[in-house]
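As structure tokens, the structure follows; a few thoughts come after it.
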Amino acid sequence: MRISARTFSLAGTAAAALAVTALAATPAVAATTLTSGHVDVVDSEWDGSALHLHVHDEETDTEYEPSDVVLSVPAAAKVANPGYGFLGSGSEVWLLPEDQATASARGVLFAGFSTEALTTGVFAGDSVSYSLVGATRDGADTEDFSVYVGSGTRWYDSNTATTSYKSKVFPVGAHNHANWAFEESGTYKLTFRVSGTVAGATKTATETYTVVVSS
């Protein structure tokens with residue numbers, strides 16, 4: 001919670017101090033944990049002057065600030081490594097599948113990217129880009145996260161050895177799903193940025209998403 005800076009009279013100082021103390025004593029709201037169902041993880045909107053990113057739970061039609069959500073990837077998400085080189089040498093990976101029926105059968109998230117709230121005629125080319133600008137696991141940079149479709153067509157790869165697979169352009173008004181792959185258990189922090197051009201000016205928004213992958 002942010003408190004606006006104000007100029008207090010001497011008489012109001014005690015009241016202000018009590019208010020600040022009360023705020024400080026208020027416990028932080030626990031994050032909402034999403035474990036299954038259709039969730040558009042990276043979902044953007046335009047308020048007329050700025051872009052925003054949020055998490056949209058399609059099951060309840062609820063929007064969350066990314067900082068207020070933990071995305072859970074349970075042990076049930078483990079599958080045999082399909083053998084794509086970018087998925088490492090482990091025998092298994094944790095996978096949030098691009099197919100909704102498969103995700104539902106496994107009881108895991110059906111995770112998507114959405115630009116459905118963005119309308120035509122606002123952004124140049126009627127498109128925006130989603131970029132993966134940071135990825136850590138348990139506090140350290142990680143090469144263990146990637147997003148792909150079909151038979152290994154990569155959209156994103158956290159491996160810093162390559163500068164490719166860090167950004168993808170999406171048309172506005174679209175809704176896309178892909179395989180979200182994690183090679184190790186741990187707590188991931190994935191930072192995504194949305195950017196688009198409006199009347200010649202670049203507009204961006206950046207948010208970090210927390211994903212807990214259970215062993």
Side-chain angles (χ1 to χ4, degrees), residues 1-3 23 26-77 94-100 102-104 106-119 122-123 128-139 142 145-147 155-156 158 167-168 170-182 185-196 203-214:
M1 180 179 293
R2 182 172 59 195
I3 304 172
L23 286 171
T26 302
V29 176
T32 296
T33 299
L34 300 178
T35 60
S36 62
H38 184 172
V39 176
D40 290 329
V41 176
V42 186
D43 193 356
S44 56
E45 63 181 24
W46 171 253
D47 67 6
S49 61
L51 278 165
H52 301 275
L53 285 173
H54 56 258
V55 176
H56 186 193
D57 183 352
E58 294 275 0
E59 302 295 327
T60 60
D61 195 23
T62 303
E63 291 184 356
Y64 298 96
E65 293 295 325
S67 59
D68 293 338
V69 171
V70 172
L71 303 168
S72 175
V73 181
W94 286 255
L95 195 71
L96 301 180
E98 64 182 314
D99 176 71
Q100 187 168 15
T102 302
S104 180
R106 293 179 185 162
V108 301
L109 289 167
F110 179 50
F113 296 82
S114 178
T115 58
E116 287 180 297
L118 305 180
T119 58
V122 176
F123 296 92
V128 296
S129 64
Y130 284 152
S131 300
L132 177 65
V133 297
T136 65
R137 179 172 63 84
D138 297 336
T142 183
F145 169 70
S146 56
V147 178
W155 284 7
Y156 299 99
S158 67
S167 184
K168 180 173 175 58
F170 292 91
V172 301
H175 186 175
N176 299 271
H177 285 265
N179 300 290
W180 294 54
F182 303 87
S185 61
T187 298
Y188 289 73
K189 298 285 188 178
L190 307 175
T191 302
F192 281 93
R193 175 177 298 147
V194 59
S195 60
K203 304 291 185 177
T204 68
T206 304
E207 295 285 353
T208 297
Y209 299 79
T210 300
V211 184
V212 176
V213 179
S214 300

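- With hydrogens and angles left out, the side-chain atoms of H56 and D61 include a donor and acceptor closer than 3.5 Å.
- The structure places CD of E58 at 9.5 Å from CD of E63, a figure rounded to the nearest 0.5 Å.
- Closest approach of V128 to G196, counting heavy atoms only: CG1-CA, 4.2 Å.
- Using a 30° and 60° split on the angle between ring planes, F192 and F145 fall in the perpendicular class, above 60°.
- In this structure, L96 CG and T102 OG1 are separated by 12.0 Å, a value rounded to the nearest 0.5 Å.
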Check the pair R137, T187 against side chain to side chain contact (heavy atoms under 4.5 Å, CB included), reporting the backbone distance first and the verdict last. CA-CA 5 Å; R137 179 172 63 84; T187 298; over 6 Å; no
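- No option in T210, T136, T208, D138 other than T210 meets the side-chain hydrogen bond (donor to acceptor under 3.5 Å, both in side chains) test with K189.
- For the pair N179 (side chain) and P97 (backbone), a donor-acceptor distance under 3.5 Å is absent.
- Here the straight-line distance linking atom OG1 of T32 with atom CD of E65 works out to 11.5 Å at 0.5 Å rounding.
- Classified by interplanar angle (parallel below 30°, tilted 30° to 60°, perpendicular above 60°), the ring pair W155/F170 is perpendicular.
- Of all heavy-atom pairs spanning P66 and H54, the tightest one is CD-CA, 3.9 Å.
- Taking CZ of F182 as the start and CG of L190 as the end, the distance is 5.5 Å to the nearest 0.5 Å.
- Closest of all the heavy-atom pairs between V41 and A111 is CG2-CB, 3.8 Å.
- Contact annotation: the side chain of S158 approaches that of L132 to within less than 4.5 Å [non-hydrogen atoms, C-beta and beyond].
- Closest non-hydrogen pair, H52 versus A50, comes out as CD2-O, 3.6 Å.
- Residues D40 and H38 come closest through the heavy atom pair OD1-NE2, 3.5 Å.
- In this structure, V108 and V73 have side chains that are not in contact, with every pair of non-hydrogen atoms separated by 4.5 Å or more.
- In summary, the side chains of T115 and Y130 do not present any donor paired with an acceptor at a separation below 3.5 Å, with no hydrogens or angles considered.
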Please report the C-alpha distance between F113 and V147 in whole Å, then the side-chain angles of each, then the deciding distance to 0.1 Å, and finally whether the side chain to side chain contact (heavy atoms under 4.5 Å, CB included) criterion is met. CA-CA 11 Å; F113 296 82; V147 178; 4.1 Å; yes
Would H177 and Q100 count as a side chain to side chain contact (heavy atoms under 4.5 Å, CB included) if you check the C-alpha gap in whole Å, the side-chain angles of each, and the deciding distance to 0.1 Å? CA-CA 9 Å; H177 285 265; Q100 187 168 15; over 6 Å; no
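- Note that CG of L109 is 9.5 Å distant from CH2 of W180, once rounded to the nearest 0.5 Å.
- Formation of a donor-acceptor pair under 3.5 Å by the W94 side chain with backbone atoms of S185 is not found in this model.
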Please determine whether side chain to side chain contact (heavy atoms under 4.5 Å, CB included) holds for the pair S44 and L53, giving the CA-CA distance in whole Å, both sets of side-chain angles, and the decisive distance to 0.1 Å. CA-CA 5 Å; S44 56; L53 285 173; 3.9 Å; yes
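- No donor-acceptor contact under 3.5 angstrom links the side chains of K168 and S129, judged on distance only.
- Summarising the geometry of F110 relative to A103, their closest heavy-atom pair is CB-CB, 3.9 Å, with the distance given to 0.1 Å.
- Checking S131 against S167 by side-chain atom types alone, a donor-acceptor pair falls below 3.5 Å.
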